[in-house]
> 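Dumping the structure here so I can ask a few things about it.
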Amino acid sequence: MTRIQPTQFRNLAARHFLGSADHRISSYVVAVLSVAVAIMAGELVTSLLQAEPIASLMLCAVIFTAWFAGFGPALLAIALALLAFHYYLVPPINSFTWKHSLFVLHVTEVPRLILFSITSFLVACVISSQKKTTEDLRRSGEDLQAAIEDQKRIEAALMASTMYLTEAQRLSRTGSFGWNVASGEIFWSEETFRIFQHDPAAKPTLEVIVQRTHPEDRVAVQKTIEHASIDGKDFDHEYRLLMPDDSVRYVHVVAHAARDASGSTEFFGAVTDVTVAREAEGKLRRSEAYLDEAQRLSHTSSWAWDVRRREFAYRSPGVYHIFGFDPDKGPVSLQAFRDRIHPEDRGRNIEAASRAIREKEVFDVIFRIVLPDGSIKRVRSVGHTVINSDGDVTELIGTHVDVTEQFEAKEKLQRAFEEIQRSEDRIRLVIDTIPTLVWRAGVDGVPDFLNQPALDYTGLTPDQAEAGWPRAFHPDDKKGMLVKWSAIRASGMPGELEARLRRFDGEYRWFLFRGVPLRDESGNIVKWYGSSTDIEDRKRTENALRQSEAYLAQAQRLSLTGTFGWRVATGENTWSAETFRIFGYDEASSATVDMVLARTHPEDRVAVRKAINRASTDQNDYDHAYRLMMPDGSVKHVRAVARATRDASGGIEFVGAVTDVTATKRAEEKLHKAQAELAHVTRVTALGELTASIAHEVNQPLAAVVANAEACLRWLDRATPDLAAARRSAEWVINDATRASEVIRRVRALANKTDVEKVPLDLNDVVRDVMVLVQRELASHRVSVRMELAPLPMILGDRVQLQQVIINLVMNGIEAMQPVTDRPRELAVRSGQDEARHALVSVTDCGIGIAADNANRLFNAFFTTKSSGLGMGLSICRSIVEAHGGRLMVSRNEGPGATFQLALPAHQEDA
Ligand code: ADP
């Protein structure tokens with residue numbers, strides 16, 4: 001189809017406008033020419049035909065001009081025609097010469113000229129109007145033609161636009177509709193029918209719409225329709241359709257209310273199928289929720305920064321969470337976000353973002369967020385630029401990732417690495433500084449690492465170690481070492497070997513090599529690690545030990561002392577060779593406690609068994625002496641001393657010595673006998689000294705006996721014998737005689753007794769007995785006695801021996817006070833007990849005292865400061881007291897004199 005463009009219209013109009021001036025000039029030219037032609041024609045006709053056609057020719061010129069040039073030129077033509085008449089009518093006629101009487105006209109010609117003027121004027125009028133009408137008619141015909149063409153063009157355009165609209169509706173899934181409320185008439189476009197899946201042939205109604213609506217939305221739709229029909233206002237709603245195939249469609253309806261000519265409401269609107277959009281929205285919402293959740297779980301968030309508007313175009317909820325805001329509590333200002341960034345990081349962030357925009361590159365920065373509670377979060381922000389078609393950066397799109405945990409983990413890892421580095425350095429230092437040779441070897445047994453001490457010791461360089469290590473061994477040990485090393489590797493178990501290793505200076509020293517395999521996860525040996533310890537000293541010590549063991553064995557042999565170990569828990573016994581010999585067993589047999597019992601003398605067996613049992617239960621040190629009955633019937637005296645120790649496992653082990661004391665015992669017995677005899681002699685000597693006292697002691701009761709016996713006789717000789725008094729005297733006689741015989745008995749005991757007989761005793765009684773015997777001695781030396789006896793626990797002892805001790809102490813005290821003349825001679829005898837329930841008896845004198853030099857020697861045999869002294873008294877006393885399990889001590893007094901004290905353990909009934 002041809003279309004006239006507006007520019008073409010403009011050109012035509014311009015041409016028409018410009019051409020009108022030319023046209024006008026040419027019209028007047030037409031007038032002049034047509035009159036000129038008429039004049040020439042008249043000349044021609046006149047000369048040829050002798051007629052005068054001037055008037056009609058002039059009229060023709062006017063008609064011609066009026067038709068072709070219009071009314072104006074026609075008037076010019078009339079004027080020119082009238083001038084032409086001047087040519088013909090004014091003499092000289094028919095000449096163009098200057099006429100003498102220019103306006104002299106024959107009166108007869110005037111009517112003709114007037115008639116011509118009127119006629120030609122009328123003709124010009126009619127002809128020009130006729131011409132104009134014709135022209136108008138032609139033009140309106142042309143206009144009509146143009147209008148028809150326009151109409152055709154519009155119709156074609158309308159058809160096309162209807163087609164476009166339909167196509168557009170189909171493509172945009174938007175149908176249109178009209179609804180006249182009053183008539184209830186509804187108009188639907190093709191697409192609307194399609195959306196509702198309604199037959200285009202059937203008429204759409206409100207019922208059809210409601211029926212098609214999803215049941216859940218039906219009430220709302222009905223309400224909207226009702227409101228629209230009552231209020232007549234625009235409406236806009238969205239609802240679902242339930243299609244015949246049960247699928248659901250979302251439609252969005254927009255309607256505009258208008259009033260028609262009759263004043264009733266009419267709605268025009270559009271219905272759009274927004275199913276795709278809604279489903280996409282749903283999907284988007286879901287994927288947004290997923291994204292949100294994913295971001296929340298991964299501590300990630302996303303954002304978009306509008307570069308031109310300098311504000312965030314988008315922030316995901318995660319951004320709020322990271323910054324410690326609640327996205328549900330409404331918008332948060334940009335400043336509030338900025339304030340949460342650590343002041344030291346703000347500038348860096350802005351700088352990084354600006355650079356990213358400037359250089360159009362990726363932006364990646366880590367910054368800190370300070371939350372109101374003071375805690376600090378580390379966030380990694382990565383962004384990239386969005387560039388528009390002009391090449392300008394319009395947006396920065398990025399993510400914030402909360403990397404606090406990673407950062408902390410990284411820091412921890414860093415620290416751990418540093419620690420590992422340090423500990424590696426330390427281990428390296430330790431490995432290189434421990435005074436042990438450390439090595440590592442491959443599976444083939446060849447070392448690939450030696451620590452510094454190993455290199456220093458052997459003088460090998462790290463490069464030489466691999467090939468040169470076997471040379472470092474003593475030639476005599478090399479073969480054995482290689483064999484053992486292969487055996488250890490073959491066993492796959494930790495192992496050790498001993499060999500001599502050459503020092504850099506050529507000296508060989510003994511080393512203990514220990515190797516341990518290192519296995520991978522599947523249990524294959526990948527390396528052998530080992531240490532080599534210098535055992536040269538240990539080897540030397542071992543040799544020395546072996547030697548000293550030999551000496552010891554010899555010494556044991558000579559001293560008749562064997563050693564033994566006895567583990568109570570396991571019953572394990574270890575005897576030295578000498579022990580086997582003492583018990584008369586072959587050294588090859590393994591020792592047992594029963595072997596000891598078997599050899600024990602039958603009389604001692606019960607005691608020994610008891611002692612063994614007690615030792616194993618009490619776990620106390622023990623020391624006992626007993627006899628053995630050897631297979632040949634000989635008797636051996638042994639003394640076993642053992643100390644209880646704890647072995648490594650915490651069990652009790654007795655370690656001890658058993659000594660064959662037969663010879664000693666015999667010697668002791670002899671000595672004992674000699675001592676007893678000596679003691680007896682001493683006692684007898686002492687008795688000799690005491691004779692006066694004893695005689696006095698015996699004399700006194702004897703004198704009393706005599707006196708009382710005489711008195712008794714006198715009572716009986718009376719005229720009437722006083723029997724009661726006589727009886728009383730006789731009783732006194734008995735008492736005195738008993739007292740005398742008691743003294744005699746004591747003296748006899750002291751003089752005779754040599755056998756020891758231990759019985760429970762009260763030491764106070766012993767003291768009192770002695771004091772009776774020494775009474776006279778005290779008196780003759782003018783010594784006063786102060787007795788301070790306190791109750792004592794019973795002791796187990798030999799009365800006579802203990803009497804001998806106390807007599808000795810008292811006699812020494814008397815003698816020590818012999819030289820004293822300037823002060824009263826006083827002897828104090830005290831008894832009492834200490835915390836350990838020992839019975840104590842002390843004898844204190846105020847005599848010459850003891851010189852410091854002598855204090856340690858008093859108890860030695862034969863030590864005396866007296867010219868007639870024997871020096872045996874205190875020595876015998878100490879033996880007696882110690883044989884009673886007690887102690888005899890001396891101390892110097894504060895004032896003059898000395899104090900001797902004996903302490904005896906209390907007698908235990910069960911002991
Ligand atoms: P003897 O009385 O025969 O000398 P003892 O063994 O009884 O032998 O005494 C040894 C020595 O101890 C005495 O010679 C004496 O020097 C000293 N001695 C003993 N008792 C006392 C005492 N009570 N005061 C001072 N010296 C004493």
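Note that ligands are numbered from 1 as they come in the structure, with each ligand's atoms numbered from 1 the same way. Values below: all heavy atoms of this structure, side chains included; hydrogens, waters and symmetry mates excluded. In this chain, residues are counted from 1 in sequence order.
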> Please say whether Asn808 places an N or O atom under 3.5 Å from an N or O atom belonging to ligand 1.
no

> For atom 22 (C) of ligand 1, grab the closest protein heavy atom and report residue, atom and distance to one decimal in Å.
Ala816 CB, 3.6 Å

> Taking only Lys NZ, Arg NE, NH1 and NH2, and the carboxylate oxygens of Asp or Glu, determine whether Arg538 and Glu542 approach each other closer than 4.0 Å.
yes

> Compute whether any side-chain donor of one residue and acceptor of the other, for Asn543 and Arg540, lie under 3.5 angstrom apart.
no

> At a 4.0 Å threshold, what atoms of ligand 1 neighbour a non-hydrogen atom of Leu858?
12 (O), 17 (C)

> List in chain and number order the residues that pass side-chain hydrogen bond (donor to acceptor under 3.5 Å, both in side chains) with Asp623, two or more places apart in sequence or in another chain; answer none if no residue qualifies.
Arg639

> Do Thr563 and Gln556 have side-chain atoms, one donor and one acceptor, less than 3.5 Å apart?
yes

> Determine yes or no for a side-chain-to-main-chain donor-acceptor pair under 3.5 angstrom, with Arg830 supplying the side chain and Ser842 the backbone.
no

> Can you find an N/O atom of Gly873 closer than 3.5 Å to an N/O atom of ligand 1?
yes

> Distance-only criterion, 3.5 Å: show the donor-acceptor pairs between side-chain atoms of residues 650-661 and protein atoms not counting sequence neighbours.
from: Thr659; atom 1: OG1; to: Thr561; atom 2: OG1; distance (Å): 3.4
from: Asp660; atom 1: OD1; to: Thr662; atom 2: N; distance (Å): 3.1
from: Asp660; atom 1: OD1; to: Thr662; atom 2: OG1; distance (Å): 2.5

> Could you list the atoms of ligand 1 found under 4.0 angstrom from a heavy atom of Phe900?
20 (N), 21 (C), 22 (C), 23 (N)

> What protein heavy atom lies closest to atom 20 (N) of ligand 1? Include the residue and the distance to one decimal.
Asn812 CB, 3.2 Å

> Just need the protein heavy atom nearest to atom 2 (O) of ligand 1, so name the residue and atom and give the distance.
Lys866 NZ, 2.8 Å

> Within a 6.0 Å radius of atom CZ on Arg782, are there more than 12 heavy atoms belonging to other residues, nucleotides or ligands?
no

> Atom 25 (C) of ligand 1: which protein heavy atom is closest, and how many Å away?
Gly849 O, 3.4 Å

> Quick one: does Leu874 get an N or O within less than 3.5 Å of an N or O on ligand 1?
yes

> Does any N or O of ligand 1 fall below 3.5 Å from an N or O anywhere on Gly871, backbone included?
yes

> Within the structure, does at least one protein heavy atom fall under 4.0 Å of atom 27 (C) of ligand 1?
no

> Does the side chain of Thr899 pick up a donor-acceptor pair with the side chain of Asn893 at under 3.5 Å?
yes

> Decide yes or no for Ile582 and Glu578: does some side-chain heavy atom of the first lie under 4.5 Å from some side-chain heavy atom of the second?
yes

> What class does the angle between the rings of Phe564 and Tyr622 fall in, given that below 30° is parallel, 30 to 60° is tilted and above 60° is perpendicular?
parallel

> Return the residue, atom name and 0.1 Å-rounded distance of the protein heavy atom closest to atom 23 (N) of ligand 1.
Asp845 OD2, 2.8 Å

> Do me a favour and list the nearest non-hydrogen protein atom to atom 15 (C) of ligand 1 with residue, atom name and distance?
Thr865 OG1, 3.3 Å

> Please check whether Glu815 reaches ligand 1 - meaning an N/O of the residue sits under 3.5 Å from an N/O of the ligand, judged on distance alone.
no

> Can a protein heavy atom be found under 4.0 Å away from atom 18 (N) of ligand 1?
no

> Can you list the ligand 1 atoms lying under 4.0 Å from a non-hydrogen atom of Phe863?
10 (C), 11 (C)

> Considering residues, nucleotides and ligands other than Arg857, do more than 12 of their heavy atoms fall under 6.0 Å from its CZ?
yes

> Give yes or no for whether the N/O distance cutoff of 3.5 Å, strictly under, is met between Ser875 and ligand 1.
no

> Does Phe859 come within less than 4.0 angstrom of ligand 1, counting non-hydrogen atoms of the residue?
no

> Is any side-chain heavy atom of Ser532 less than 4.5 Å from a side-chain heavy atom of Phe511?
yes

> Please could you name the atoms of ligand 1 that Thr864 approaches to less than 4.0 Å, counting only its heavy atoms?
1 (P), 4 (O), 14 (O)

